[in-house]
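Inspection log for the structure reproduced underneath, given as structure tokens.
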Amino acid sequence: LGIAQALQRAGVRVGLADADVVKPDLSELLHVGGSFGHVEVTGNAILPMHFSTRKGKLIVDPSSRELEFFSLGLYPEPERAILLEDKTAAGIAAELFTSVAWTCEVLVVDMPPQSHDMSRALVDQFGWRDAFLVVATPRDAPLLDAKRTLDLLHAAKKRVLGVALNMAYRDCPKCGHREALGKGAA
């Protein structure tokens with residue numbers, strides 16, 4: 001969410017997709033869980049929710065094109081885990097997010113940990129995008145996922161903008177001291 005907001009503040013039209021099929025949580029962070037009533041369907045396409053920033057806060061704004069958002073957490077009862085039957089989480093996420101009529105310049109996809117199969121499915125589905133930025137937290141499993149995703153992108157001959165570490169530091173609110181939170185953060 002922070003990366004999408006930073007891009008938005010820089011004037012980029014941003015889309016934010018929560019690719020966690022089993023327990024999507026970005027809709028909770030945006031305070032829109034179970035808000036499928038805000039999402040429109042036209043023909044075979046799902047229109048993402050639209051947000052704008054007012055007084056530093058994101059608010060639902062159907063007329064805005066500042067930030068687009070979609071997640072399975074928008075469906076009713078977002079607190080319930082989704083049971084997958086014959087499809088993989090990767091297949092469901094890829095199918096779902098290609099059904100959304102994104103109009104953004106940049107699509108930020110929040111992926112669950114250890115989701116290499118989902119990375120593959122999304123690269124296949126979003127392969128028309130010009131470039132990819134891989135974001136990871138500085139912990140062993142997410143860094144390994146990021147390396148696998150980079151290998152996948154290079155094998156698919158996709159342009160990689162770089163790798164960003166998210167949540168690498170914590171600033172002490174009392175003294176301002178910066179503390180590294182994980183491997184590779186120092």
Min side-chain heavy-atom separation V163-V135 under 4.5 Å: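 They are not in contact (no side-chain heavy atoms under 4.5 Å apart), so the answer is no.
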How long is the straight-line distance from [atom2] of [Y] back to [atom1] of [X], given to the nearest 0.5 Å?
X    : Y    : atom1 : atom2 : answer
F70  : S99  : CZ    : OG    : 8.5 Å
H154 : T149 : NE2   : OG1   : 10.5 Å
L107 : L7   : CG    : CG    : 11.0 Å
I3   : D110 : CD1   : CG    : 9.5 Å
L133 : L153 : CG    : CG    : 10.5 Å

Looking at L67, is its backbone amide N or carbonyl O close enough to the side chain of R13 to form a donor-acceptor pair, meaning the two atoms are under 3.5 Å apart? no
Name all residues meeting the side-chain hydrogen bond (donor to acceptor under 3.5 Å, both in side chains) criterion together with Q5; count only those two or more places apart in sequence or in a different chain, and write none if there are none.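 Here no residue qualifies.
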Does F51 belong to the same Ile/Leu/Val/Met/Phe/Trp/Tyr cluster as V12, with side-chain heavy atoms less than 4.5 Å apart forming each link? yes
Applying side-chain contact (heavy atoms from CB on, under 4.5 Å) to A45 and not counting sequence neighbours gives T42, A101
Identify the two heavy atoms, one from W102 and one from P48, that lie closest to each other, and give their separation to 0.1 Å. CZ3-CB, 4.1 Å
